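Just below is one structure, and these are the notes that go with it.
Since the model is a prediction, treat every value here as computed from it, not as a measurement.
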There are 2 protein chains.
Amino acid sequence: MNRSSGRSGGANLPSLRHHNASLVLDLLRAAGERGISRLELAERTGLTPQAVSKITTRLRAEGLAAEAGRLASTGGKPRTVLRLVPDAGYAVGLHLDRDGTTAVLVDLAGTPVATRTTPLDLGAPAAEVVGAAARAVQTVRADAPGTEDHRVFGVGAALPGPLDHTDGVLHRVTGFPQWDGYPLREALAERTGLPVVVDKDTNAAALGLALRAPDGADFAYLHLGTGLGAGLVLGGGVHRGARTGAGEFGHQTLQLDGPPCGCGGRGCVEALCLAAVARGDLAEAARVLGTAAANLVGLLDIGRLVLGGRTVAADEDVYADGVRAVVEERARREGTGPAVPVTVAPGGDRPVVEGAAHLVLAPLFGRAGEPPAGPGGLAAPPY
Amino acid sequence: MNRSSGRSGGANLPSLRHHNASLVLDLLRAAGERGISRLELAERTGLTPQAVSKITTRLRAEGLAAEAGRLASTGGKPRTVLRLVPDAGYAVGLHLDRDGTTAVLVDLAGTPVATRTTPLDLGAPAAEVVGAAARAVQTVRADAPGTEDHRVFGVGAALPGPLDHTDGVLHRVTGFPQWDGYPLREALAERTGLPVVVDKDTNAAALGLALRAPDGADFAYLHLGTGLGAGLVLGGGVHRGARTGAGEFGHQTLQLDGPPCGCGGRGCVEALCLAAVARGDLAEAARVLGTAAANLVGLLDIGRLVLGGRTVAADEDVYADGVRAVVEERARREGTGPAVPVTVAPGGDRPVVEGAAHLVLAPLFGRAGEPPAGPGGLAAPPY
DNA sequence: GCACTTTGGCAACAGCGTTGCTTAAGTGGC
DNA sequence: GCCACTTAAGCAACGCTGTTGCCAAAGTGC
């Protein structure tokens, strides 16, 4: 039973079946090419081996799972290894950044099979940007043969700035007022003929990283690029909050009555941090970022911190070490156990595009987030 | 299904039954004395009317629900109103504060039926404090006749400072080093013969307020007393984090390199806020509190803020207005809709004791939190 | 008094995971 | 080479879930 918001849902037999199937499918996905045996699935889900057998039989019949070799015997019949069938479905990830667009086609396992990056000014007229984005989607689909229409589940689009994840309407992409109130989801769905999900870049990246994490622990993804934002993963899914605006990390006040910030406030982390970057004092930038991160860790008792974004990518170790130092010092003071690990997400901005594709795939695996709706409407999931 | 942490749980028929029964029971509880009809239960849960009939029949057979009158007809057979039977079970709430202990016996509906407050120095030897607490529990049970042993589900204990909710061991109650590592749950369970759950005072209060809230929206409870802490309610349940230490709100850095705080850090909200209180500048205290609160609202996109604690209770309006002003100004700047409402929890510290009792009751209603374990062990819930 | 509406229980049912047992497929002793 | 043993996985029967179709109960309104 899932950490979805609200408490409406009564459960019936189909929802129970779907829940367990998602759970198994998620474990298969997490196991990757290594695969996983039926008995291990049973142990991990708490279901009986017989129930897992029934569920995997259905998944195999639907082409989502397949047997793939067997393990060494431990004194009896050896376990059969099951694997997710990656090409049972695909999704498109789309990253609309301030100065360029990247589209990626990933398979069910999350592996990218085609990528395209094109320069694109997010400040151009909306119709132009949407048109270019739709073309990028078509291109990346054409790049990968054998991915017919019905096997592409949808498009996940990630972009900076506040937006409403539920209805896919942008609020106010910082610096580009023409996007205010623009129904991006609808427009993209119409142009691509595919279901579309829209989310903030930080949320997309966080979701992608969450699906790759071996443990299910809560973590925060801190993205430092042209701005500073966060994606929060609580309980296995992205935490979006009441109005899907969570992750407003950059305009956290870190210095009461400090220097003015572009947002109109004073002493925001983003302003302090980027000012330090601008004057070349990366150690100070890392210290400021670390202080805000430590605030977050204390407030939510988060288990892990992941840094990302272009600015971080340029000097990974400086930021990782600087943030780690602040977090460790605070943990020592409070004496509540070892400090949380601090890592850097590899690949600069790449986690954003790949995570965007996961906006579409995640619901299949029971991860938080409602399935996308739109024209060519996503039929009931194949299981 | 439920926002529990981790993603282990496969679901079977008993768990499905339990889930739906909890859901119905929670709606009955929320309806209070007003009651609720079968058909409304069906609408709210999404279950069929027939399923609700079956579930409520079981609940009535077990003495947890009862029919209570009927509504006006709308042209046909009038709806029958169902209500929770409050005296079907009880729980004890215990608030161990720095200078006193309060115990309360509440019924299944959360209504207090007996209260006792005794002065008690939390700095006294552990055995002494536990003994006095256990006596308080016995006293409050004796105060309410007709509440035999098997109908008291357990004791929920709330106290300040970091602790491990999972195993009930205290970490370091600020200012009282003798509690460091003390297994409070075990000790209290042994002395009272009842299952015990231990949690931070802020979490207990937040849980109690969450159960009373009409909507299921996320909110934060900010407690300003001798210290400053927060309780977070996300997705209907208390968010405790990886090591059950979430809510560390007071030692959030709000002023880089600011004045030193007792915790060893610099520029913590708690230090800034309490310093302002000490010099009588309540408006500034409220502004500082509001700034930290606005950080929290932005980060989590929380839907509501509730203030509490003795310091707030002494000047409710000053704090409510001061915090509201900061939050509203930030909302205006960011332009993401109306600011979140700011209210004060009535009754000073009372939400803490009553919320403590809910630590025991909440699992019955499917709210986050594992059921208590301990001697005299809580048998399977009565439904 | 009769037609109609709405509530809510009864009975039959489909489908879920579970249990008990059987078959498959290995290892290791002799 | 054979047999006893162990472990994995499927088959069949089962108990229990919510669902569906139907009917009795209990009102309103002409």
| task | Look at the side chain of Lys77(B) against the base of dT28(D) and say whether a donor-acceptor pair falls under 3.5 Å; ignore hydrogens and angles. | result | no
| said: Can you see if the side chain of Thr48(B) gets near the phosphate of dG18(D) - specifically, an N or O under 4.0 Å from OP1 or OP2? | reply: no
| said: From CG of Leu71(A) over to C1' of dA9(D), roughly how many Å is that when rounded to an integer? | reply: 14 Å
| Contact class for Thr57(A) vs. all strands (heavy atom < 4.0 Å): base, sugar-phosphate, or nothing? | nothing
| field | Distance (rounded to the nearest 0.5 Å) between Arg240(A) CZ and Asp164(A) CG | value | 10.5 Å
| said: Distance check, rounded to the nearest 0.5 Å: Glu67(B) atom CD versus Thr56(B) atom OG1? | reply: 8.0 Å
| Between atom CD in Gln50(A) and atom C1' in dT7(D), what is the gap in whole Å? | 15 Å
| Choosing from dT19(D), dA26(D), dA13(D), which nucleotide comes nearest the side chain of Arg70(B)? | dA26(D)
| task | Begin from the C-alpha positions of Ile55(B) and Arg58(B) and carry the test side-chain contact (heavy atoms from CB on, under 4.5 Å) through to its verdict. | result | CA-CA 5 Å; Ile55(B) 292 167; Arg58(B) 288 198 295 261; 3.6 Å; yes
| Between dA8(D), dG10(D), dG15(D), which nucleotide has the shortest distance from any of its atoms to the side chain of Leu13(B)? | dG15(D)
| message | I need the Arg17(A) CZ to Leu16(B) CG distance, nearest 0.5 Å. | response | 14.5 Å
| request: Look up atom CZ in Arg212(A) and atom CG in Leu207(A), then write down how far apart they are to the nearest 0.5 Å. | output: 10.5 Å
| task | Would you mind telling me which residue lines up with the more 5' stretch of DNA chain C, Pro49(A) or Pro78(A), judged by nearest nucleotide? | result | Pro49(A)
| message | Return the CG to CD distance between Leu211(B) and Glu354(B), rounded to the nearest 0.5 Å. | response | 11.5 Å
| field | Rounded to 10 degrees, the angle between the two terminal axes of the helix from dG1(C)-dC30(D) to dC30(C)-dG1(D), each from five pairs | value | 0°
Extract all donor-acceptor atom pairs below 3.5 Å that involve side chains of residues 72-91 of chain A and protein atoms in other chains or at least two apart in sequence.
from, atom 1, to, atom 2, distance (Å)
Ser73(A), OG, Gly75(A), N, 2.9
Ser73(A), OG, Gly76(A), N, 3.1
Ser73(A), OG, Gly76(A), O, 2.6

| said: Quick check: on DNA chain C, is the nucleotide nearest Thr80(B) upstream (toward 5') of the one nearest Leu47(A), or the reverse? Name the residue that is more 5'. | reply: Thr80(B)
| query | In Å and rounded to the nearest 0.5 Å, what is the OG1 to CD distance from Thr57(B) to Glu62(B)? | reply | 10.5 Å
| query | Please give, in whole Å, the distance from dG15(D) C1' to Leu16(B) CG? | reply | 14 Å
| query | Is there a side-chain contact (heavy atoms from CB on, under 4.5 Å) between Val106(B) and Val113(B) once you walk through the steps? | reply | CA-CA 6 Å; Val106(B) 309; Val113(B) 293; over 6 Å; no
| Choosing from dG27(D), dG10(D), dT19(D), which nucleotide comes nearest the side chain of Ala51(B)? | dT19(D)
| query | Contact class for Ser37(A) (heavy atom, under 4.0 Å): base, sugar-phosphate, or nothing? | reply | nothing
| said: For a 4.0 angstrom threshold against heavy atoms of chain B, report the outermost contacting nucleotides of DNA chain C in 5' to 3' order. | reply: dT5(C) to dT18(C)
| said: Measure CZ/Arg79(B) against P/dT28(D) and give the value in whole Å, please. | reply: 15 Å
